[in-house]
Structures are given as structure tokens and as C-alpha cells.
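Only heavy atoms go into these numbers, but all of them, side chains included; no hydrogens, no water, no symmetry mates. The structure displayed is predicted, hence computed values, not measured ones. Chain identifiers are assigned alphabetically (A, B, ...) following the order of the sequence lines, protein sequences preceding nucleic acid strands; residue numbering begins at 1 within each chain.
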Amino acid sequence: MDIHYNPQTIETAIQQEWDATSAFKAGETDARPKYYCLSMFPYPSGKLHMGHVRNYTIGDVLSRFHRLRGYNVLQPMGWDAFGLPAENAAIKHSVAPANWTYANIAHMRSQLKRLGLAIDWSREIATCAPEYYRWEQWLFTELFKKGIIYKKTASVNWDPVDCTVLANEQVIDGRGWRSGALVEKRDIPMYFMRITAYADELLGGLDQLPHWPEQVKTMQRNWIGKSFGCEVHFPYDRDSIEHDGVLKVYTTRPDTLMGATYVAVAAEHPLALLAAENNSALADFISECRRSSVAEADVATQAKKGMNTGLFVRHPLSDARLPVWVANYVLMGYGEGAVMAVPAHDARDFEFAVQYGLPIKTVIIPTDGAYTEAVAPWQDSYAEHGICINSGKYDGLGFDAAFNAVAGDLAELDLGGKRTQFRLRDWGISRQRYWGCPIPIIHCDDCGDVPVPAERLPVVLPEDVVVTGAGSPLAAMPEFYRCDCPVCGRPARRETDTMDTFVESSWYYARYASFDSSDAMLDARADHWLPVDQYIGGIEHAILHLLYARFFHKLMRDQGLLKSDEPFARLLTQGMVVAPTFYRDLGDGKKDWFNPAEVDVRTDERGRPLDAVLKTDGLPVTIGGTEKMAKSKNNGVDPEQLIARYGADTARLFMLFAAPPDQSLEWSDAGVEGAHRFLRRLWKFCAEHVNNGVVPAYRNSELNADLKALRFQLHHAIAKITDDYSRRQTFNTAIASTMELLNSLTRLNDTGAIARAVIQETLEHVTVMLAPIVPHICTAMWRELRPDSAAFAPTWPVADADAMSQDEITLMIQVNGKLRGELNIAKTTGAAAIQQMALNQPAVQKFIAGQTPKKIIIVPGRLVNIVV
RNA sequence: GCCGGGAUGGCGGAAUUGGUAGACGCAGCGGAUUCAAAAUCCGCCGCUGGUAACAGUGUGGGGGUUCGAGUCCCCCUCCCGGCACCA
């Protein structure tokens, strides 16, 4: 065995072997239990970045670990191939989005293969392939027939110069990113999926997911936002609004209804539009409200503005006249597009009321009875539940009693009553873009919106187009949109909108099971593999993608395609890959960013950073923060170069060692060196052992103290590492344990026959336990350690209980909770003897200084605390 | 703004159920080897005081519960993710 570790030779040979033998092809006829391990598929942006490397390494480690534990593992890969970046690249480089995408896929596939992932490549899918999206179109038509998909108008960001709809991220400070024009809201017809019909099930289903991170479930619960409240109808005031009607609002605080001093409506609300007919100032204000982005974050952070409409409504219980205001913080698309304002007990209403001098009426006091009038500045306690005051017949009632009383009275008056509401809104899936899945609808003047019949699917997206960035290319292609109505046969127009790309990623995990089915979306294989046993991806997908995929799973189930209720049994959300930033100020707020590789950081004699200079000119650069690897900050590291230099195993090892998977991972070139050094040391130690002759692993015989200690450490490590891989999913601590084992092996210095057998045992176990993380080097080492076993088919080690037993233990001795000494005792020592020995310690005597201990706490096997 | 998360040596992190804070690695310092350097090997390494033994102090800040708190509770600061058309 070569004493020098040569990763390139080892890795290319083994990868070729995996490829040639289709080593990771997964079948359904296998006696072993199935394990479906899935990493979120990538958008084919062009090159693999470190975030991908991290994601796919974590997935591969879990796949290979389960393979070693006797599972039939499926780990597939594919491409989330539709999306905005392809259109942007098309505009910039005058290439067709399709060609750009296919070239990127080819390059990224080869990069993934060089990482040594145990992927079943025969199942590869790309969502832009008609064989894939035809089933998405088919499901669309089925859901359309069922009424799950319906049409309504919704607001979008409209760029009046480019005459195009903009994504939220394309709106920067209220302007279009390319044209610079002020963006307007525009209402257009769109198709919506009735996700709200599944809101209760999506909420309840979270309780069936014990292996999802609590934080993700919490975020989804809050997003769905089930609330219990009241619908309240404010009758129109006939003197100002000259017809009958009611203004509907929803509130979770009916107990504060008597404190409502005005109502606020969205700019698009019918009452606002009515008032604006004879009020040009109001009309101007409404159009100002419409000149902003549709993003909720923008709406919520903009300065609160409003205007009185001059209209009034009547309080449903007191009959008081309440003014109707238009407010920019009220959203038309959410709830009723109107809110009742109780400034004394709601922070937003309070701010608005103070700003416009509207009355604030305190109607709730704290349960402890102390009277607190809601006066500026706002206190969070004003919003707490309490006791009603200034509320007539409701005075003295607590939250629940007041809630019920008000709800009952409203119901009796037919002006509202109890209602459950969700924050979740229906999912608008229409996109006015080219590079997406065509919506399979035909518009016929006589028959209306007609779904494309199944036998005419797919509606193929033409791939040879020129994208200009102004308007949708499909809407300019008569050969695409001209068609005949499937019902009446008369000339009709094909829908030219495409679907949100979240639709493709909502069911791809299921298609991997039935990847080659040409006569159905899914077949029996889907129920074989689903649910996914382990799903891995970025925390940024905690809400939207994961909620949509859960929703689709239920849709497919109700369509009879699947039997399970949830798509992903276990979820691991991985953190970002971050790196230091360096820059020079160029004046007027601009910065010149330098890649960490171009910079030398100088340190003091203790290793603390002093300053940084550019390698090429030796002049200083500013040390910026540690941020997510991004082109804009020039702090990225190219995985391809990393692998070319150190090999895939080093890249994988570093990614897993530097941080636990769910935390952000800070890039460090020196850390990569350290990971590589460990592999070199391991290889060298193994080679030296092998070159002196492999021996059978230790079975049983008399061990000296050092060898006993080594086996004690080894078998504890086996137990710990197994737990780290399976329950904890912290691979950094598993790696640390194998490093400790190698350190102990190096220190052993015993070449006797028994020692060599224990070393053999340790090396074999370490090789298997590291194999999920660094599979190439471990395969090569295993073949050297066990020349008898041709294939790499070891089994996961089991900790030996005998080796882990110990006769003597160490207890920590504390006085008043401070560490003052330690005590080595036989495991069987009784409490009284332990107390006596602890008290006899000189250090203990010194600190109790002759006082009588008040209390002595003994934590078995851990410590003794003497309290004086 | 709202929802979710995070903060531990010079750095990444460990401490799994409230019980030895700093495992493992990086950086740094000292030594061995070398003509020399790289590589490698050995040792030291939270902070303050002390030659040392040792003592004090220390997990973003403030308060609390406990014999004992990085871990539990309350308040605050800063950073990160999401907010429905980026994926």
C-alpha cells in the first residue's frame, strides 16, 4: 500500500467503477427495508456552488450510512429547470433559455459526479422536459374540473415602460430593475389553487411529523394562521353612503369592539372607490397607494398613511357613527380588505390614530385591576387580554366571556358572529413569463375556459424563441396561441401564461419513483418509495416550498395517485455557507470586493487579526463581515477548484466537520487544509499497518491497560458515532470522535501481536464509520485492510458492552458549586464512603474551613457538591 | 413591521436529560528534524494576577429560579432566514 495519499487517483478509479457497475441503482424488488433520501434538487444556474456541495454531501452521508445499515437506498437527482434566471440570461447573452438551461445541466451533472455521490442517475428528471410537465398539465386539468383551480383577478407589479409583470425581487425601491420606471399595481386575471380548502389538514398534519424541526412546524403553523374571532358588520350610515349595505370586517378581538373609533379600508375597497368619485384628493391618494410593490414586507414597513373618506358607518352595537378611513396598511387581498380600528388595544391602529388625531377609547384594563388608560407612547401591555370597561353591558367581563357575549349579540342582530379564519391565502399560480410550464387552458368565446383534453397533452413550450424582456414571447406567437376549441371546434385562443415554478417542485419527489412512466403521472412504485424518509434542503424553503409540496401530496392522494398523507417523514434544514468579505471603498458608496483568496490577513503574536492586505499590491483592504457566499460580495469559493486541489473526500470532510448541518458554515481555507491533513495522517497510519501485514481483528485475550483503554474509547466512539449519524445528525462530532481515535492510535507505540489486532479492529471500524463521509478513501483502505473481501460491503459496527465497562470512575468534587478537586473511586463505592473521601480531600478541607456542611449532594457517577 | 432562529477562547465549533465550560480542528507560540525551507513529529495555548503552587474571573447585556445555569424563566441588544412573482 502506497504510504502517500493520492486522492485524485483513488477517487477517479472508484468513481469509474461506480459508474460502470451502476452501483447505486435502486430497485423495488429488494428484501431490505427501503430508505428514500432526497436533497432538494438544484436550479441549473450554471455552476455548482458551495451551498449545493453542502446539501448534496449531507444527503449522500445519510444515504451511505443507511446503505451500510442494511437499507435499500434510493437517492435520485434532477433539475428544477424552469425559472426566471434563464430568461435573464437569454436577454443578456441572446441565447434561448432552453439551450442555456440544457448546457448548464450538462456541466453541473459532471460536477456532481466528481463529488462522488451515491445517486441513481437512471432516474434523473428535468422539469422543463415535456415528459415531465405533461403530467403537471394533466393534474391541472383534473383540478380545474374539480374546482380546486379557479380564476380570479389579483394584483401584480407592473412595469409601465417594459410593459411586463415584475417579480418582487425585480422591484427595487419601488422601481423596475431594468427600466427604472415606477412600478404600479395592476389587476389581472389569474388561476388560483384552493390551498385554503386544505388549510385545516395542512395545519393538523404538522402534528404527524415528529421528525421535522420544531421551528419549521412553528413557522408553517403561523403562516397558515388559524384564528378564532368574529365577523362584524358595520351598517352603512345612510346620510353619507346613500344606499343600504354593511361593511364587513374580521377581528380576533371582539372583546374590544366597544373601543372601535373608526374603520379603515384598503385603497381598492369599494367604499374607498365610491368616496373617491367626488373627491379628487382621495382619488390621488388612492392612486398613490397603488404605486407601490405588492410585497407584504414593503407594505408593512412603509410609513403609515391614510385619508378620511368622509363616509360613515354605524357601530353595530352602540349605533355610534364611525368615520371610514383609507389606510395603506390595510391589504385588499387579505380578509375583507377592511379592519375595525381599536386604537387603545392595537399597535398599528394606535400609531395611526395618534398620527391623524383620531379618538382613542380605552375599553380593556389588566386582570390585576389597576386602571391603565392607553396613552402615548404605546405599551405592548395595552394589547393584552384583560377586563372590559367603558363597554356598557360588557363591563367586568374577561376575554372569553366578552368574546361570547359580543358574538352572541352580533348574531342576534344578524350583524356578524363567530368565525374561524386563516391567514393562508389561495395560491396564485399564473405567471406572465415564457420559461415555464404552459397552462393547459383554451379560451373559447362560446365555451369559456376549456381545459386541454388529456389526449392532446402536453401543450409543448416552443424552445426556439427570442426573449427581449418586454412582454411575454408566447403572447407574440400566433403559432402557439392559435388553436381550436376542444368542445365546439371553433377557433380559440390558447392561454399564454405559464405556471409558477413552485408547481414543478411540489411533486418532483414523487415522480422520481415513477420517473419513466409514460401512461400515468405516478404508478404503484410511488407508494413503494413514499413518503421520502429523509428530505434535506435550505431553511429558506421552510414555508413556501415545503407547504406547497405538502399540499400537492394531498391533492395527488385525493386524485387516487398516492396513499400516504405527507410527503416527507423527516426533514433536515441545512444552514448557509458563509465566508469573510474584503473590500476597498471607491467613493460614492461603491465598493470594490476582493475574494478571500486574493487577500492576506496579518495577525499579532497571538493569532488575532490585525489587518488585511491585497496579495498583488500589498496595500490594505477593509475587513468586512462574514456573509453568505455571493457573486455580489466576491466571497465565493469554487467547488471545482477545491476538488481539483484536494479531492472530493477533503471537500466533503471539511463541509461536514466545520459545523453541524443546520448551522451556517463558515468557509476557511486553513480548515480545508486541516481536513486534508487528517486524511493524509489516517491513510499513512493505515498504510504502515497494512505494510507490516494485516491480521484478524481483535477477538479476545488478555489486554494491558493501554489496550483496554483504547478499546474502551473505540466502543464508546462506535455508540456515539452511530447516535450522531442517526438520531442527532451531527456529523462534526462523529468526525471529531474518529480524530480522537486516530490520535490514540498514533500515541500507542505498541507493535505486539495483541496490539496489532486491536489496531486492526480500530482501523476497520474507523474506516466503516467514516465511509459515509469520505467514501473514496475508505473504500480504498477497506480493500487493503480486508483483502479477502473483494467488494466494499462491510456492515456497520456494533459497540461491545464488555469493552465499555469500567471498574473505576472519577467524581468531581465541588464546594458550594465550585470545582475543588476530583476523586478516583471503585464503581461500587457507597454514598457514605464517597462523602467521607470527598470531605477528607485537602482542597475541600481548605474551602470548608472547619464549617459543618449543610448539605452534601451526590450525583451518581458524576460529582459531589458540598454546601457549607 | 410580523413570524422563525442565532450569539461560547484569536477563529470554526464541543458540552446530547440542569452536574468537570472550551472536546475536535484551525491559527499562534516553543522545540525536534533539515545545510535551509516546506512537509512531518512533540509540547504549550480562555482572560487577569502570580516564578510557581494556586486564586479570581469567564458562555452577547441585565435580572431571576436552583446546592449547582452555556443549558430553565423574564427583559434588552445585535446578527441571520422568511413574508406569498428569486429559487
Residues that [X] engages under side-chain hydrogen bond (donor to acceptor under 3.5 Å, both in side chains), provided they are two or more places apart:
{"X": "A/Tyr509", "answer": "A/His553"}
{"X": "A/Lys720", "answer": "A/Asp724"}
{"X": "A/Gln421", "answer": "A/Arg419"}
{"X": "A/Thr164", "answer": "none"}

Given protein heavy atoms under 4.0 Å, the one-letter contact record of nucleotides 66-77 of chain B, with B base, S sugar-phosphate only and - none, is simply -BS---------
Sugar-phosphate or base contact per nucleotide [nucleotides 80-87 of chain B; S, B, -; heavy atom under 4.0 Å]: SBSBBBSB
For A/Lys304 and A/Gln663, take the nucleotide of RNA chain B holding the closest heavy atom to each; which residue's nucleotide lies nearer the 5' end? A/Lys304
Enumerate the residue pairs fulfilling side-chain hydrogen bond (donor to acceptor under 3.5 Å, both in side chains) with a member in residues 572-581 of chain A, sequence neighbours excluded, ordered by first and then second residue. A/Asn55-A/Gln574
If a stem is a run of at least 3 consecutive Watson-Crick or G-U pairs, both distances under 3.5 Å, which stems include RNA chain B?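 Stem list for RNA chain B: B:1-7 with B:77-83, B:10-12 with B:24-26, B:28-32 with B:40-44, B:46-49 with B:54-57, B:60-64 with B:72-76.
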For residues 813-824 of chain A, tabulate all N or O donor-acceptor pairs below 3.5 Å that involve a side-chain atom, not counting sequence neighbours.
residue, atom, partner, partner atom, Å
A/Asn816, OD1, A/Val868, N, 3.0
A/Asn824, OD1, A/Thr810, OG1, 2.6

Interatomic spacing from CD in A/Glu87 to CZ in A/Arg433 - rounded to 0.5 Å: 6.5 Å
Could you tell me whether A/Asn743 contacts a base, only the sugar-phosphate backbone, or nothing, with contacts defined as non-hydrogen atoms closer than 4.0 Å?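 Contact class for A/Asn743: sugar-phosphate only.
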Between protein and nucleic acid, restricted to nucleotides 52-56 of chain B and to nitrogen or oxygen atoms under 3.5 Å apart, what atom pairs and distances do you find?
residue, atom, partner, partner atom, Å
B/G56, OP1, A/Arg820, NH2, 3.4
B/G56, OP2, A/Arg820, NH1, 3.2

For B/C75 and B/U71, measure between their P atoms and round to the nearest Å. 16 Å
Using atom C1' of each nucleotide, how far apart are B/G31 and B/G70 to the nearest Å? 36 Å
Please write out each protein N/O paired with an N/O of nucleotides 39-42 of chain B under 3.5 Å, distance rounded to 0.1 Å.
residue, atom, partner, partner atom, Å
B/U40, OP1, A/Arg680, NH2, 2.8

Indicate the ring-plane relationship of A/Phe82 and A/Trp435, choosing parallel, tilted or perpendicular according to the 30° and 60° boundaries. perpendicular
For the pair A/His545 and A/His541, name the ring-plane relationship: parallel under 30°, tilted 30 to 60°, perpendicular over 60°.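 Geometry flag for A/His541 against A/His545: perpendicular rings.
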Taking N and O atoms by type only, does the side chain of A/Arg862 place a donor or acceptor under 3.5 Å from a partner on the base of B/U20?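 In this structure, the two groups form no donor-acceptor pair.
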Answer yes or no on whether A/Lys152 is positioned over the face of A/Phe192, meaning its NZ or CZ is under 6.0 Å from the six-membered ring centre and within 45° of the axis. yes
Verify the contact: side-chain N or O of A/Asn732 to OP1 or OP2 of B/C24, cut-off strictly under 4.0 Å; return yes or no. no
Taking only distance into account, with no hydrogens and no angle test, what donor-acceptor pairs under 3.5 Å do side-chain atoms of residues 656-664 of chain A form with protein atoms, sequence neighbours excluded?
none

For the residue pair A/Gln302 / A/Tyr329, report whether a side-chain donor-acceptor contact shorter than 3.5 Å exists. no
Within 90° of 0 counts as syn, otherwise anti: where does B/G25 fall?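 Chi for B/G25 falls in the anti range.
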